[in-house]
Each structure stands twice: as structure tokens, then as C-alpha cells.
Enquirer: 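My structure is below; once you've seen it, I'll send some questions.
Since the model is a prediction, treat every value here as computed from it, not as a measurement. Every chain is numbered from 1 and lettered A, B, ... according to where its sequence line falls, protein lines coming before strand lines.
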There are 2 protein chains.
Amino acid sequence: MKPVTLKEIAEQLNISVTTVSKALKDYPDVSKKTKGLVKELAKTLNYKPNTFAVNLRTKESKTIGLIIPVIVHHFFSNVIKGIISQAEKKGYLVIILQSNESYELEKKQIDLLLSQRVDGILISLANGTADFSHLNQIIDQEKPLVMFDKIAKIVKCSKVIIDDRKAAYLATQHLIDIGCKRIAHFRGALLPQNSIDRFLGYKKALLDNNLPYDPSLVYICECGDMSFEEGKKNAKQLLIEHNDVDGIFINTDLVAIGAMTEFNNQGVKIPEDISIVGFSNWFMSSVISPTLTTIDQPGFKMGKTAFKQLYKEIKAIKNEKPKPPKVITLDTALIERESTRK
Amino acid sequence: MKPVTLKEIAEQLNISVTTVSKALKDYPDVSKKTKGLVKELAKTLNYKPNTFAVNLRTKESKTIGLIIPVIVHHFFSNVIKGIISQAEKKGYLVIILQSNESYELEKKQIDLLLSQRVDGILISLANGTADFSHLNQIIDQEKPLVMFDKIAKIVKCSKVIIDDRKAAYLATQHLIDIGCKRIAHFRGALLPQNSIDRFLGYKKALLDNNLPYDPSLVYICECGDMSFEEGKKNAKQLLIEHNDVDGIFINTDLVAIGAMTEFNNQGVKIPEDISIVGFSNWFMSSVISPTLTTIDQPGFKMGKTAFKQLYKEIKAIKNEKPKPPKVITLDTALIERESTRK
DNA sequence: GATTTAACCGAAAACGTTTTCGATTCTTCA
DNA sequence: TGAAGAATCGAAAACGTTTTCGGTTAAATC
């Protein structure tokens, strides 16, 4: 059961491989008649071009790489869905790798993708990534690179993000608007830009409203696989250390849900005793009790947009007209639910 | 910035391409000295073998294809995670496609993967798949194929599943054990084997316990993107048509959660008025209120196992010792939670 | 010193495709 | 009728690697 090649079609029709190739690709210098014959035979023999050979010849694989910190994650799996849906439209395949929030793995995986010679790379950084030489390596090879969500400002490539700072400001302002006076923040890991920005948005909202910023009210969580547990842990800690807190802005919904679970267990009423705003709008947030106020983060759209940008850059480089990096900011919105409904 | 090739290394060292290639792959007929020189230069030049050429020569791509009905789905994203974690260990990359529960798309995607010449294919069938010629096409080409979760019994390939019938029996028996007398079932779509098996398990449990089987108590949902809504809709319908039902076994957690939401809205108490058992053990089920009794379905393990099996078959075919198909059944367990705690 | 053996290296073919460029045939028109 | 032009085709090189097999040199053996 050897796969059919151009050669076999050529031999059966007593013409050259060249002509067969050209006929199948509708070159103008092949007669209608031969084109017909070739295409017919190709169909009956179920000819499929050998991608390996095509890739070698054309130097492109119509494949892109995607590195993502975690897969089992409402936001990220929506991003994946957005990416592959868009990629499919353009005839691209997507190789997915999970960095597990590890810088070392991320580095290895980029090496892997580069040696695999994908046409471009999409990445959302691991929490642990502080050094960016592995990313610059991609750019040095003139391979398109687009970062999304968890980005590094310093790297010179296109980015698709939301305005985390503004969104966090909005979330915090909402807590203030409903009357919270002492607002805590469960922030993400220290390095990622988005958790920094969300923290800054929180802080700025406090100060703009003449509320004191108290660093001891800021709790850190890594937001890895253990997000839920971290939320519980931080909530427990908060109740011990600061029983006067009446609102919390939490870096991500899963952590918020962990915290809510702990509060429920301890009989702390939401939103009466403590109001909570999460981040990301996980589906779960709309079905738990009380439902969780949160910031909508458009994962599917972000994936789509990121691929579109990558695609443009792939085309641009192919035509030897590389484009300057572009930063695309998507809209977000506050979703008000029961956890802040006093 | 052309990528480095064997030829360039060869020229710089004044040796042949052959020797360079062999040196890098530690052939015994290359002297230690030249091996040293070659490897060193390869490293300083940052040589990466051109995968396109290697693939063409070796006829394998170290890449597998994965077709899955939906990505944004707790169970399936766990499967994906399992697959790529295991694939990475063996040096394989995974191309992921989403069939969107569409037979047509599934067919196209298989064509795509075959023409991409992946080394093997993993698939969980779409709800709409009733014809299997596209799957047999894979087998005819002697490409390893492993199905998981949503399988077709008739196709002669390896499968990784759980014992859906037994698990459903267990779930239903549990409802009976806690005293339910009139138990409804929200089943999945008509075609997929697993929803058939779960239905059969439900039915058998009823009959074994001398409870009448009433077809009007079986509601269908497609379990696609709208699972949650379908759960709500079916719950609403059930309340209208059968207000004597005191237990429901529901095909999947997301549908169950939709139903619970509807019951909550209508003031129907769970588990007092109606006890509910779901299926799959989505994370969500442990944080909603009341927490949902369900069947644990080991997605991560299923992914790992499916890849392992595929890998074995890839190796076997390579050594021209193809193995007969194997059906692997993974364990499940009933997770008792509040939705059945009377 | 001659012969065998081992150690080391390289030429060349092959994988299947794409594309350039030259060759051939067929039209067309003066 | 002859030449120019159009239409059609194919030879060959190229992409970068792997592997077979034969060749050369050096070491070992008698």
C-alpha cells in the first residue's frame, strides 16, 4: 500500500512528472486535455501530495506552534479554540505544547518548534519566565512570533492583550462604588505583566478614590494548577489577618471561587460581609452560588486575533515585506453578578 | 540568516556531508576526533536538522493528529493534556483539530491529517458520525488509529474507554439505594456508543431493581456546545411532564448543572425533592451548590493511555510486526456529594 | 615484507516535490 | 511558403537529509 506519487501518475499517462505537477496546480502551460486526464487519474488513485516533499521544496509547513501555560483552563482552552478555528480557515495546522508554567520547559519547547520549522509561533508566557533570549531567538530567525495574554513588553513582537490595568481599575472601582472601604487584592504571580498590571489598576483605583493602599492586603498566588486551593488558602489567611476587609478583587475566577468556597465554609456571607470581583469570566462563575462578578476576558476572540496577526506576518515575511510589530488591545467588560449585589 | 545545513559544516571542516551526518548520529565508523570536531562546530553554529528533509527521508514526522469534538470541555481538555504530556515524553508533537461534533468536518480533518502524513491518529468521534469509511480509510493505509471515549465498536482499531454501562448502572443504583422510586434519565445524543451504553446501564439498573422502565422519562440532549442550556430546557420540560420524578441520572455534568440551575430557579430542592447524579466529574461539580454526585471519568489518564497505545502501534508497524487491536477499559468511580445526600 | 583486518571516510542514490528554462510542435499571418 | 509567435511539454536542478556500499589508509598478523 505505497502512497501514490506524481511519478506513478506520470508513468501511467506516459507524460513527465513535471507536467503532472503543473497540471494539478493549474499551470497555464498545460493543455486542458492533459489537465483533465491528470486530475481524473489523480482522483481515482486518491493521490495526496507528499507534504514532506512539499515542505522541503517550499520551505514552509503550513503549521504553527502554540505554547500555552495550561490547557485545562477555561480561558486558555477558549484561546486554543479561537486559534485553531482561524488557522483551519487559512489552511494551517496547530501544534500545541503546554509549558506548565515552567520557563525551562518553555525554552525547550521553543527549540523544538524551531527545529520543527513551524511557520510561526504563538505564545502565552509561563509565570516563571523572566529571561527572554529564547524569544529573541525566534525573532532573530525572522520567524513570526505573536504573544498573547501573558506577554513581555520588552520583546519586539506583536502582541494581543486586554488592558489589564484598566479592567482591574474598573473592577476595583466597582467595589468602591458599592460601598467597600477596605479592599484586598489576591494578585497573580510576581513576574507576569498582566498580574502586575492588574495590581497597578487596583492600586490606582484605591488612590484615585482617596482610599489608603495597604500592601498587607495584597496576597499572592501563583495561579498555576493549584489556583483553587490557593484561593482557599489566601481566604483563610485573610480572615485571620484582616477581619475588617469588606471587598476583594481577585486576579482570576478560579482563585476567587476557591476563596468563596472558604468563605462559605466559615460562614462569611458574600456579598453581605465581603464582596468579591473575579477576573476572566469563567463559565463556572455564572453557575456557582452566589454568582461571581467578574471581568469578561475574550479568550476565543483573543485566539482568533492572535492567529490573524501571525498569519499576516507570515505572509509579509514571505513577500519580503516584514511588518513592524503591532499591539492589539481587545475590549473587556465588567459583568455584575450576585457577589457584589448588596 | 539562512539556517545551517550539514553541507556548511562539512565545507568548514573539509569533510563530506556523509561523515558529518554520521558523526552527529554517533555512527561507529567515524573517529572520535572527527565526531568531536563536528559536534562542536554544529553546536557553535546552532545546527538544527531540517525536519522537512528528515521526514522525507525517514517517512515519518514524529507528529500525530488528534481530532476531538470540543476543546472547551473539562473532560476533553484533560484528555488533551494527557495526550500531549505523554507524547512529549516520546518526542512526538500533536496537531489538534476540533470536529465541532460534525461528521463532515471530521471527515475533512482526517483527510487533512492523512495528507499531512502524521504517524498516527487519535480520535473521539463526533455525535453525528454514523458512517465509518473515513476511519477505515486510515486503517487501510496501515496508519495507527486509536479511538477513545466516543468510539465506534465496529471499527477495527484499538480503543480506550471506560465501562459506561457499568458506570451508569452504578449511578442509577446509587439513586435507587437512597430511596428514589421514579428515576429519569437525561441521555446524550442517539448515535454515540457511550450515550447508548449509559442509557442501557440506567435501564438495566431499573429492571434489576424491579422498577418500571418508562421511556417518557428519558430525555435527549446533544451534549454539544449548548449542554448547559439543554440541561435547563430538559429540566423545565420534566417538571411540566413528570412532577413525580425524584431522581435523575444525567449523561454529563454540564447538563446536570444546567438542570440544577433550573431546579434552583423554580424552587425545587436538591436533593430533597429530586436527587441528581451527573457524569464525568467536572471540576465545577465540586464547587457548585449543592455539590454534584457524579461518576469520575479519568480524562488525563485516558489521554495518556490512548497515546501510549498509539505509540506502541506506531513502533510495531515500523518494525513490520503490526499488533491486533486492543480495547483498554479504564476504571471509574462514583463520587458521592450533596446532590444525593438525603 | 606480504597479507589480512580494522578503522575511517565519501560518492551517490534516494525520498517526492516544485520551478526554471529550453525544446518541440502547432498556429497564424504576411 | 516561411517565419514569428503561441501552445505545450520535459529535462534537470534543487530542497537537506540518510544510508548503502565501495574505497582508502593504517594497524595487525604471520
Enquirer: Write out all pairs satisfying side-chain hydrogen bond (donor to acceptor under 3.5 Å, both in side chains) with one or both partners inside residues 10-23 of chain B, taking only residues at least two apart or from two chains.
Expert: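 Sorted pair list: S16(B)-T19(B), K22(B)-D29(B).
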Enquirer: Check D26(B) with K35(B), please: is the shortest side-chain N to carboxylate O separation under 4.0 Å?
Expert: yes
Enquirer: Could you tell me whether the side chains of S85(A) and Q98(B) share a donor-acceptor contact shorter than 3.5 Å?
Expert: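 Q98(B) and S85(A) do not have a side-chain donor-acceptor pair below 3.5 Å.
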Enquirer: Under a 3.5 Å cutoff, is there a donor and acceptor pairing between the side chains of T129(B) and E106(B)?
Expert: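 Short answer, yes.
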Enquirer: Would you mind reporting whether I161(B) and N194(B) have side-chain heavy atoms less than 4.5 Å apart?
Expert: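 They are not in contact (no side-chain heavy atoms under 4.5 Å apart), so the answer is no.
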Enquirer: Take the C1' atoms of the five end pairs on each side of the helix from dG1(C)-dC30(D) to dA30(C)-dT1(D), derive the two axes, and give their angle rounded to 10 degrees.
Expert: 60°
Enquirer: Polar atoms only, N or O, under 3.5 Å: list the protein pairs with nucleotides 23-27 of chain C and their distances.
Expert:
none

Enquirer: Applying salt bridge (Lys or Arg N to Asp or Glu O under 4.0 Å) as the test, list every pair that has at least one member in residues 304-330 of chain A; sequence neighbours left out.
Expert: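 Residue pairs with at least one partner in residues 304-330 of chain A: E60(A)-K318(A).
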Enquirer: Just jot down the side chain to side chain donor-acceptor pair (under 3.5 Å) partners of T34(A), sequence neighbours excluded, or say none.
Expert: S31(A)
Enquirer: Please list, in 5' to 3' order, the outermost nucleotides of DNA chain D lying under 4.0 Å from any heavy atom of chain A.
Expert: dT8(D) to dG16(D)
Enquirer: Can you give one letter per nucleotide of nucleotides 4-11 of chain C, going 5' to 3': B for a protein heavy atom under 4.0 Å from the base, S for sugar-phosphate only, - for none?
Expert: ----BBBB
Enquirer: Could you label the plane-to-plane angle of the F76(A) and H73(A) rings as parallel, tilted or perpendicular, counting under 30° as parallel and over 60° as perpendicular?
Expert: tilted
Enquirer: Atom NZ in K143(B), atom CD1 in I64(B): separation rounded to 0.5 Å?
Expert: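 Output value for this atom pair is 12.5 Å.
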Enquirer: Sort and list the pairs that fulfil salt bridge (Lys or Arg N to Asp or Glu O under 4.0 Å) and have at least one residue in residues 75-95 of chain A, not counting sequence neighbours.
Expert: K81(A)-D225(B)
Enquirer: Which salt bridge (Lys or Arg N to Asp or Glu O under 4.0 Å) pairs, counting each pair once, include a residue from residues 147-157 of chain A, with sequence neighbours left out?
Expert: E101(A)-K150(A)
Enquirer: Tell me what T5(A) touches on the nucleic acid: a base, only sugar-phosphate, or nothing, going by heavy atoms under 4.0 Å.
Expert: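 Answer is sugar-phosphate: T5(A) comes under 4.0 Å of backbone atoms only.
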Enquirer: Between V54(A) and F52(B), does the side-chain contact (heavy atoms from CB on, under 4.5 Å) criterion hold? Intermediate values first, please.
Expert: CA-CA 9 Å; V54(A) 177; F52(B) 301 159; over 6 Å; no
Enquirer: Taking ring-ring contact (aromatic ring centres under 6.0 Å, His included) as the cut-off, I'd like each qualifying pair that reaches into residues 108-153 of chain A, sequence neighbours left out, listed once.
Expert: Y103(A)-H134(A)
Enquirer: Return the residues of residues 46-59 of chain B meeting this criterion: a heavy atom under 4.0 Å from some atom of DNA chain C. Order them by number, or give none.
Expert: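 Contacts with DNA chain C under 4.0 Å: L56(B), R57(B), K59(B).
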Enquirer: For residues 44-56 of chain B, which residue pairs pass the salt bridge (Lys or Arg N to Asp or Glu O under 4.0 Å) check, not counting sequence neighbours?
Expert: D111(A)-K48(B)
Enquirer: Looking only at the side chains, is there a donor atom on one of S102(B) and N100(B) sitting less than 3.5 Å from an acceptor on the other?
Expert: no
